[in-house]
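Throughout, a chain's letter reflects where its sequence line sits, starting with A, and its residues are numbered from 1.
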2 protein chains.
Amino acid sequence: MAKQTGKHVETDDGKRSWGIGELAREFGITSRTLRVYEEEGLLDPQRDGTRRIYNERNRVRLRLILRGKRLGWSLSEIRESFDLYDSSLGEQAQLELMLSKLEQRRETLIAQRRDIDSALQDLQRVESNARQSLREIRATQGKQQRAASGARQ
Amino acid sequence: MAKQTGKHVETDDGKRSWGIGELAREFGITSRTLRVYEEEGLLDPQRDGTRRIYNERNRVRLRLILRGKRLGWSLSEIRESFDLYDSSLGEQAQLELMLSKLEQRRETLIAQRRDIDSALQDLQRVESNARQSLREIRATQGKQQRAASGARQ
DNA sequence: CATGTGGTTGACGTTAACGTCAACGTAAGG
DNA sequence: CCTTACGTTGACGTTAACGTCAACCACATG
């Protein structure tokens, strides 16, 4: 049995668990979103009757989901990666297939990092450009100020 | 005037230019997509009558668009970044605003790179795990083979 | 001239990833 | 017992980013 204390939930074995709203607030999403993730097979919280109860493992999963989203992955891509990570390390053929998929993932991640680096370089160029203009503007203003204070003497 | 030679287009000043289908094929997208990007204000090809003519500058833009997409940006985020890069470096206040926006972009890019790195680490763990299982399986198979060849003697 | 190739606009369809809302259940507290 | 907070399922709405299709235009070629 699980007892509810205000907002969060605790199970008998002392391990912390969370209600849907609580988890949603913590991660800045809505409970609707958590239900969608469950429908898509990305999360499988336990139930207390009809209510969903999330444990630490679910939280880890959720963090991975949100990281995937930040990297622009679709929910099904995220599920595929879970399938990859969870796969039971069975036969040789399966393992080799898995390794090739992992290699492919790595390559796209590295390509993405290259994209980021080049975007950061572009950004750097624009930024130093802007800083230069700013310095020039400030220099001009300084001149004007010095001229004005000189005229007052 | 632009003359059409088979698939691609050349202008009088000798600078290369491209038709919509040609460009689409080269970048692995459809012409429909190019028109959408234009509607969204991300591209502005010249026209020869009604026909779109893309120049080198348009191609650079397109590369930036596709890089943005690979990083998971929306079209409007991409447009914002263009606006940022194209802004005319006018007054001081505008420049300072621009710098703060650039700084913000940089932070999200760096955060994204951290996400990638941690994803790569996870991947590395799973991979060495799988390699280990594979070695064990092969070792077992080797034993069996050696046993079998021993039995044949 | 007919046909093919490649382009145009405009309208409508589609998919993913949620948001929104209605109708209802359930436990705690006053 | 009534209210309040929190949860449930189910249905429908919405937005972005295209795909698909129809009807049309323009040029080159056999």
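- Taking side-chain N and O atoms only, A:Thr33 has a distance below 4.0 Å to OP1 or OP2 of C:dG19.
- At a threshold of 4.0 Å, the pair A:Arg63-A:Glu56 counts as salt-bridged, since one of the basic side-chain nitrogens sits closer than that to a carboxylate oxygen.
- As rounded to whole Å, 9 Å separates atom P of D:dC27 from atom CG of B:Asp48.
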Can you check nucleotides 8-14 of chain C for protein contacts, nitrogen or oxygen pairs under 3.5 Å, and list what you find?
{"residue": "C:dT8", "atom": "OP1", "partner": "B:Arg52", "partner atom": "N", "Å": "2.9"}
{"residue": "C:dT8", "atom": "OP1", "partner": "B:Arg52", "partner atom": "NH1", "Å": "2.9"}
{"residue": "C:dT8", "atom": "OP2", "partner": "B:Arg35", "partner atom": "NE", "Å": "3.3"}
{"residue": "C:dT8", "atom": "OP2", "partner": "B:Arg35", "partner atom": "NH2", "Å": "2.8"}
{"residue": "C:dT8", "atom": "O5'", "partner": "B:Arg52", "partner atom": "NH1", "Å": "3.2"}
{"residue": "C:dT9", "atom": "OP1", "partner": "B:Arg47", "partner atom": "NH1", "Å": "3.2"}
{"residue": "C:dT9", "atom": "OP1", "partner": "B:Arg47", "partner atom": "NH2", "Å": "3.3"}
{"residue": "C:dT9", "atom": "OP1", "partner": "B:Arg52", "partner atom": "NH2", "Å": "3.4"}
{"residue": "C:dT9", "atom": "OP2", "partner": "B:Arg52", "partner atom": "NH1", "Å": "2.7"}
{"residue": "C:dT9", "atom": "OP2", "partner": "B:Arg52", "partner atom": "NH2", "Å": "2.7"}

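- Counting to the nearest Å, the C1' atom of D:dA17 and the CG atom of B:Leu42 are 12 Å from each other.
- In terms of the side chain to side chain donor-acceptor pair (under 3.5 Å) criterion, residue partners of A:Arg70 (sequence neighbours excluded) are, by chain and number, B:Asp115.
- Within the structure, every side-chain polar atom (N or O) of A:Thr30 is placed at least 4.0 Å from both OP1 and OP2 of C:dC18.
- With hydrophobic clusters built from ILVMFWY side chains whose heavy atoms lie under 4.5 angstrom apart, B:Leu102 does not share a cluster with B:Leu97.
- B:Leu75 places its CG atom 9 Å from the C1' atom of D:dC18, with the value rounded to the nearest Å.
- Between the CD atom of B:Glu38 and the C1' atom of D:dC18 there is a distance of 16 Å, rounded to whole Å.
- Every residue two or more places apart in sequence or in another chain that forms a side chain to side chain donor-acceptor pair (under 3.5 Å) with B:Ser118 is listed here: A:Arg67.
- When rounded to the nearest whole Å, the span between CG of A:Leu66 and C1' of C:dA17 equals 13 Å.
- Counting non-hydrogen atoms under 4.0 angstrom, B:Ser76 reaches nothing in the nucleic acid.
- Residues passing the salt bridge (Lys or Arg N to Asp or Glu O under 4.0 Å) test with B:Arg106, sequence neighbours excluded: A:Glu127, B:Glu103.
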With a cut-off of 3.5 Å and sequence neighbours excluded, list every side-chain donor-acceptor pair involving residues 77-85 of chain B.
{"residue": "B:Glu77", "atom": "OE1", "partner": "B:Ser74", "partner atom": "N", "Å": "2.7"}
{"residue": "B:Arg79", "atom": "NH1", "partner": "B:Glu40", "partner atom": "O", "Å": "2.5"}
{"residue": "B:Ser81", "atom": "OG", "partner": "B:Ile78", "partner atom": "O", "Å": "2.8"}

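- Look at CG on B:Leu34: it is 10 Å from P on D:dC18, rounded to the nearest Å.
- Taking the side chain to side chain donor-acceptor pair (under 3.5 Å) definition, one finds that A:Arg57 meets it with nothing, sequence neighbours left out.
- The distance from atom CD of A:Glu39 to atom P of C:dC18 is 12 Å, rounded to the nearest whole Å.
- In this structure, OH of B:Tyr37 is placed 8 Å from C1' of D:dC18, rounded to the nearest angstrom.
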